[in-house]
Number of protein chains: 2
Amino acid sequence: MSMSEARYEGLRLEHQLCFPLYACSRMVIKKYRPFLDAINLTYTQYITMMVLWEEDCISVRDLGNRLFLDSGTLTPLLKSLEAKGFLRRYRSQEDERVLLVQLTEEGLALREAAADVPAQIAGCIALSPEEAQALYGILYKLLLGSDTTDE
Amino acid sequence: MSMSEARYEGLRLEHQLCFPLYACSRMVIKKYRPFLDAINLTYTQYITMMVLWEEDCISVRDLGNRLFLDSGTLTPLLKSLEAKGFLRRYRSQEDERVLLVQLTEEGLALREAAADVPAQIAGCIALSPEEAQALYGILYKLLLGSDTTDE
DNA sequence: TATAATTCAATTGTACTCAATCGATTGGAC
DNA sequence: GTCCAATCGATTGAGTACAATTGAATTATA
């Protein structure tokens, strides 16, 4: 191997960890589409609803902390979910800066329709329970490893 | 645990594999930004250049197969890289449907400036070599497992 | 208590992602 | 040789992501 080839070896696509991470993430999200289309949600809207089903009446800030998303992404997304009738947005009485999100009846009812999605997706993922567990552990270590979001 | 709680248990965000995958992918791409800003590339442009540094004169189709991206993403991205002077786009002589991409001098030279990026990123990733290897293996199994892109 | 710093969501602008469609080109069947 | 299906890239439109800025509200400070 020449000197220049050795220098560029690290730049080969198959030597990157970021690339399969990026490609897998998009692939898995794609697999959700047919199931989420059926309940009128996108993937990002789905994980947002997931947080709300666990913890209703949450601020945009706390929602963003759970999902690692900022208001630039969440504001239009929450407006869209509001337009679909799944939630209401209102300012906090105690602190007018804070915008709270609360599920509507329809938003709460959607949980029933969504309940089968995880099992349906599991059927599309070709991974053993051990591999899934290992993947989960490593991803969370990476995610919470150095810091919350970056650096 | 009530019956309804059990039914909704699978919908909890921390029980999903997709979410840390999605969040990690975005987090890692974010880490690239300062290094890629310095060489005037976005993350997607960077992995595209990576393929071109390995295999110059490639069709949009083959590029898409390597990156799991379609022309809807690649066409504007390649036009942007062309506008920056890193590559040229031209139709194949043999088949006018095929658009080939070829690096310019500047595009080739950029490889030298990019050569340090992988090592710089590695310093930001809090993962042992064993974990990185395990993650890599599982991600590629997931990626190539059932099919190339979806279903 | 004025004012300065901070917090919060919204906005703006750039850049993807992807489904769906289109139009041109090509290769195959007859 | 002429339709016919397939292939390829471009386009369109909706929906994120995210850096950077703005403006209102709140808190801390002098």
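Numbers restart at 1 for each chain; the letters A, B, ... are given by sequence-line order, proteins then strands.
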### Message
For a quick check of understanding: with a heavy-atom distance under 4.0 Å over all strands, which category does B/T44 fall into, base, sugar-phosphate or nothing?
### Response
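Sugar-phosphate, no base atom in range.
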### Task
Please round to the nearest 0.5 Å and tell me the distance separating atom CH2 of B/W53 and atom OG1 of B/T48.
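Rounded to the nearest 0.5 Å, the CH2-OG1 separation comes to 10.0 Å.
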### Message
To the nearest 0.5 Å, what is the distance between CZ on B/F19 and OH on A/Y43?
### Response
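Nearest 0.5 Å value for the CZ-OH distance: 7.0 Å.
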Under 3.5 Å, is there a donor-acceptor pair between the side chain of [X] and the main chain of [Y]?
X	Y	answer
B/D116	B/A119	no
B/E105	B/F86	no
B/E82	B/R89	yes

### Task
Would you check if A/C124 and A/Q120 make a side-chain contact, meaning some heavy-atom pair closer than 4.5 Å?
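With C-beta onward as the side chain, the pair stays apart.
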### Message
Counting C-beta onward and ignoring hydrogens, is there a side-chain heavy-atom pair between B/V101 and B/L81 closer than 4.5 Å?
### Response
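No. Closest side-chain heavy atoms not under 4.5 Å.
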Might you point out which heavy atoms bring [X] and [Y] nearest each other, and give the distance in Å?
X	Y	value
B/M27	A/L142	CE-O, 3.4 Å
A/C18	B/V28	CB-CG1, 3.8 Å
A/I39	A/L110	O-CD1, 3.8 Å
A/L67	B/R26	O-NH2, 3.0 Å

### Task
Report the residue (B/Q93 or B/T42) whose heavy-atom-nearest nucleotide on DNA chain C is the more 5′ of the two.
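Checking each residue's closest nucleotide, the 5'-ward one belongs to B/T42.
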Give each protein N/O atom lying under 3.5 Å from an N/O atom of nucleotides 20-22 of chain D, with the pair distance.
none

### Message
Is there, by distance only and without an angle test, a donor paired with an acceptor across the side chain of B/R97 and the base of D/dT7 below 3.5 Å?
### Response
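When only heavy-atom distances are counted, B/R97 does reach the base of D/dT7 through a donor-acceptor pair under 3.5 Å.
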### Query
Over how many whole Å does the gap from A/L67 atom CG to D/dT16 atom P extend?
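To the nearest whole Å, that distance equals 12 Å.
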### Query
In whole angstrom, what separates B/L69's CG from C/dC18's P?
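To the nearest whole Å, that distance equals 6 Å.
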### Message
Please give me every residue in residues 75-88 of chain A whose heavy atoms get under 4.0 Å of an atom in DNA chain C, ordered by residue number.
### Response
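When residues 75-88 of chain A is checked for heavy atoms under 4.0 Å from DNA chain C, the hits, listed by number, are A/T75, A/K79.
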### Query
Heavy atom of residues 52-61 of chain A under 4.0 Å from DNA chain C: which residues?
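Within residues 52-61 of chain A, the residues near DNA chain C are A/S59, A/V60, A/R61.
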### Residues in ring pair (Phe, Tyr, Trp, His ring centres under 6.0 Å) contact with A/Y46, at least two apart in sequence or another chain
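By the ring pair (Phe, Tyr, Trp, His ring centres under 6.0 Å) rule, A/Y46 matches A/Y32.
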#### Entry: Neighbours of DNA chain D within residues 13-20 of chain A, by heavy-atom distance under 4.0 Å
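Nothing qualifies; none.
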### Query
So, is A/R89 close to the C/dA10 phosphate, meaning a side-chain N or O under 4.0 Å from OP1 or OP2?
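Result: yes.
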### Message
Which residues pass the side-chain hydrogen bond (donor to acceptor under 3.5 Å, both in side chains) test with A/R91, not counting sequence neighbours?
### Response
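Testing A/R91 for side-chain hydrogen bond (donor to acceptor under 3.5 Å, both in side chains), a comparison that skips the adjacent residues, returns none.
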